[in-house]
2 protein chains.
Amino acid sequence: MAFVDTVSGPEALRETLHDRGMRMTPQRQLVLDAVRELGHATPEEICRRVRVTAPAVNITTVYRTLDLLDRLGMVRHTHLGHGAPNYSVHAHEHVHLVCHRCGRVDEIPCELMSPLGGTLEAEYGFELDASHLALSGTCRECLAAGGPAGGRPEESE
Amino acid sequence: MAFVDTVSGPEALRETLHDRGMRMTPQRQLVLDAVRELGHATPEEICRRVRVTAPAVNITTVYRTLDLLDRLGMVRHTHLGHGAPNYSVHAHEHVHLVCHRCGRVDEIPCELMSPLGGTLEAEYGFELDASHLALSGTCRECLAAGGPAGGRPEESE
DNA sequence: TTCACTGCAAAGTCTTTGCACATAT
DNA sequence: ATATGTGCAAAGACTTTGCAGTGAA
């Protein structure tokens with residue numbers, strides 16, 4: 001019997017879609033591939049990536065497809081604080097650290113959030129979804145350069 | 001000698017502005033008052049509040065003034081994950097918990113973030129600004145109602 | 001063959017910019 | 001008197017919607 005990669009192969013998407021009476025299309029596969037290849041990206045960036053292969057794909061389709069894949073649980077989006085959201089594959093879990101002085105974005109493992117998650121659950125009954133939103137603050141370099149806490153954020157967000 | 005409330009009186013704003021060669025205007029005071037009265041609000045809501053007193057004030061002025069007050073450190077804004085940012089007075093520090101199933105926003109004391117803040121600082125040299133971004137997840141009610149982790153977010157964000 | 005999906009264009013939010021006039025100092 | 005601040009209108013970034021035609025099943 002043939003092995004079917006139900007996690008990342010093209011068949012996974014097709015099956016998931018068919019299970020819900022939806023159709024597999026080249027656009028959908030391309031968008032999912034683009035998210036995987038880019039790691040993190042905005043709809044705009046994903047669209048550009050898709051267009052390398054299929055120049056006719058419309059940004060509208062990218063938005064609709066990202067929304068669909070998000071609802072299917074195959075990708076997820078994170079709000080980094082300003083502007084467009086940032087999409088990544090669902091499997092790749094991490095927390096974002098956004099420096100609001102230089103705009104730099106770092107990733108840290110989700111596990112660091114576990115203690116906080118436990119507290120929130122115990123005290124507020126709130127189940128934390130660590131990877132959906134970013135944490136903001138000031139990064140090492142900006143602390144070193146622009147001086148500590150005192151200075152207001154320069155720019156970016 | 002007269003007592004001057006340098007924290008919240010009208011003179012505080014005037015002084016801060018004059019120190020930087022900027023001018024005190026009724027609009028600026030009204031926007032700051034609106035943020036104080038509303039606690040949390042979007043630029044749109046702040047504008048509506050200001051217009052109760054001064055109907056001619058333009059939304060553009062509200063945006064410009066909020067940006068100014070933010071740079072002056074008198075208000076701060078938080079990204080709740082979707083749409084417009086949320087402004088509040090700088091003094092009132094807290095973390096937001098946003099339920100991505102029902103959209104509800106709760107506040108928790110900043111201190112809960114201290115352990116995480118310490119870890120981030122020690123391991124990554126990152127100085128956390130807990131109140132600038134929200135934490136998302138699922139609230140107690142939604143967990144009870146819609147069942148736990150399993151179900152995809154319904155709606156809202 | 002049928003109906004979900006796509007592309008296109010238009011509209012909808014939220015926010016910023018340019019400019020002439022108003023006004024705080 | 002001066003140049004900062006304001007209102008207005010237009011534009012800009014990001015996203016959604018309506019609709020007719022396309023193509024997956």
Side-chain angles (χ1 to χ4, degrees), chain A residues 10-11 13-32 34 41-48 50-51 53-72 74-75 77-87 103 155-157, chain B residues 10-11 13-32 34 41-48 50-51 53-72 74-75 77-87 103 155-157:
Chain A
E11 290 315 310
L13 178 55
R14 164 166 263 119
E15 277 180 31
T16 308
L17 289 168
H18 285 186
D19 285 352
R20 312 196 179 206
M22 295 167 165
R23 295 175 184 176
M24 175 60 153
T25 68
Q27 289 90 335
R28 287 175 175 177
Q29 187 64 56
L30 286 168
V31 168
L32 180 54
T42 60
E44 191 71 39
E45 292 164 342
I46 291 164
C47 188
R48 274 203 295 278
V50 167
R51 282 177 173 165
T53 309
V57 172
N58 197 278
I59 183 80
T60 301
T61 299
V62 173
Y63 276 106
R64 284 191 282 226
T65 303
L66 286 172
D67 185 55
L68 172 68
L69 294 175
D70 204 337
R71 279 182 283 115
L72 293 177
M74 305 189 78
V75 305
H77 68 277
T78 305
H79 296 281
L80 259 27
H82 55 291
N86 189 289
Y87 285 83
E155 201 42 43
S156 42
E157 158 58 352
Chain B
E11 290 314 309
L13 179 54
R14 164 165 262 118
E15 278 179 33
T16 307
L17 290 168
H18 286 185
D19 285 353
R20 314 197 177 205
M22 296 168 163
R23 296 174 183 177
M24 175 60 153
T25 67
Q27 288 91 336
R28 288 175 174 178
Q29 187 64 56
L30 286 167
V31 167
L32 180 54
T42 61
E44 191 71 41
E45 293 164 341
I46 291 164
C47 189
R48 274 204 294 279
V50 166
R51 282 177 172 164
T53 309
V57 173
N58 197 278
I59 183 82
T60 300
T61 300
V62 173
Y63 275 106
R64 284 191 282 228
T65 304
L66 286 171
D67 185 55
L68 172 66
L69 294 176
D70 204 336
R71 279 183 283 117
L72 293 177
M74 305 189 77
V75 305
H77 68 276
T78 305
H79 296 281
L80 261 26
H82 55 290
N86 188 288
Y87 284 82
E155 197 47 42
S156 49
E157 157 43 355

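This structure is a prediction, so every number in the text was calculated from the model and none was measured.
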When you check the phosphate oxygens OP1 and OP2 of [N], does a side-chain N or O of [X] lie under 4.0 Å from one of them?
X       : N      : result
B:Arg23 : D:dT2  : no
A:Arg64 : D:dT16 : no
A:Tyr63 : D:dT16 : no
A:Gln27 : D:dG23 : no
A:Thr60 : D:dT15 : no

Flag the pair [X] / [Y] as yes when at least one side-chain heavy-atom distance between them is below 4.5 Å, and no otherwise.
X       : Y       : value
A:Ile46 : A:Tyr87 : yes
B:Arg23 : B:His18 : no
A:Leu13 : A:Met74 : yes
A:Arg28 : A:Leu32 : no

Discussion item. What's the separation between atom CD in A:Gln27 and atom OG1 in A:Thr53, rounded to the nearest 0.5 Å?
Written reply: 12.0 Å
Nearest-Å distance, [atom1] ([X]) to [atom2] ([N])?
X       : N      : atom1 : atom2 : result
A:Tyr87 : D:dC14 : OH    : C1'   : 11 Å
A:Arg48 : D:dC14 : CZ    : P     : 10 Å
A:Asn58 : D:dT15 : CG    : C1'   : 12 Å
A:Gln29 : D:dA24 : CD    : C1'   : 15 Å
B:Leu30 : D:dT6  : CG    : C1'   : 13 Å
A:Leu66 : D:dT16 : CG    : P     : 10 Å
A:Arg71 : D:dT16 : CZ    : P     : 11 Å
A:Arg14 : D:dA24 : CZ    : C1'   : 9 Å

Worksheet item: Start at the 5' end of DNA chain D and walk down; is the nucleotide closest to B:Thr65 or to A:Glu44 reached first?
Response: B:Thr65
Discussion item. If you assign each of B:Met22 and A:Ala56 to its closest nucleotide in DNA chain C, which residue comes earlier from the 5' end?
Written reply: A:Ala56
Practice prompt. Tell me which of B:Pro43 and B:Thr25 sits closer to the 5' end of DNA chain C, going by the nucleotide each one is nearest to.
Written response: B:Pro43
Discussion item. For B:His79 and A:His79: C-alpha separation, side-chain torsions, deciding distance, then whether side chain to side chain contact (heavy atoms under 4.5 Å, CB included) applies.
Written reply: CA-CA 8 Å; B:His79 296 281; A:His79 296 281; over 6 Å; no
Worksheet item: Taking any atom under 4.0 angstrom from a heavy atom of chain B, which nucleotides of DNA chain C are the first and last to qualify, 5' to 3'?
Response: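 Range of nucleotides touched by chain B: C:dC14 to C:dT25.
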Discussion item. Can you give me the closest heavy-atom contact between B:Leu66 and B:Val75, atom names plus distance?
Written reply: O-CG2, 3.9 Å
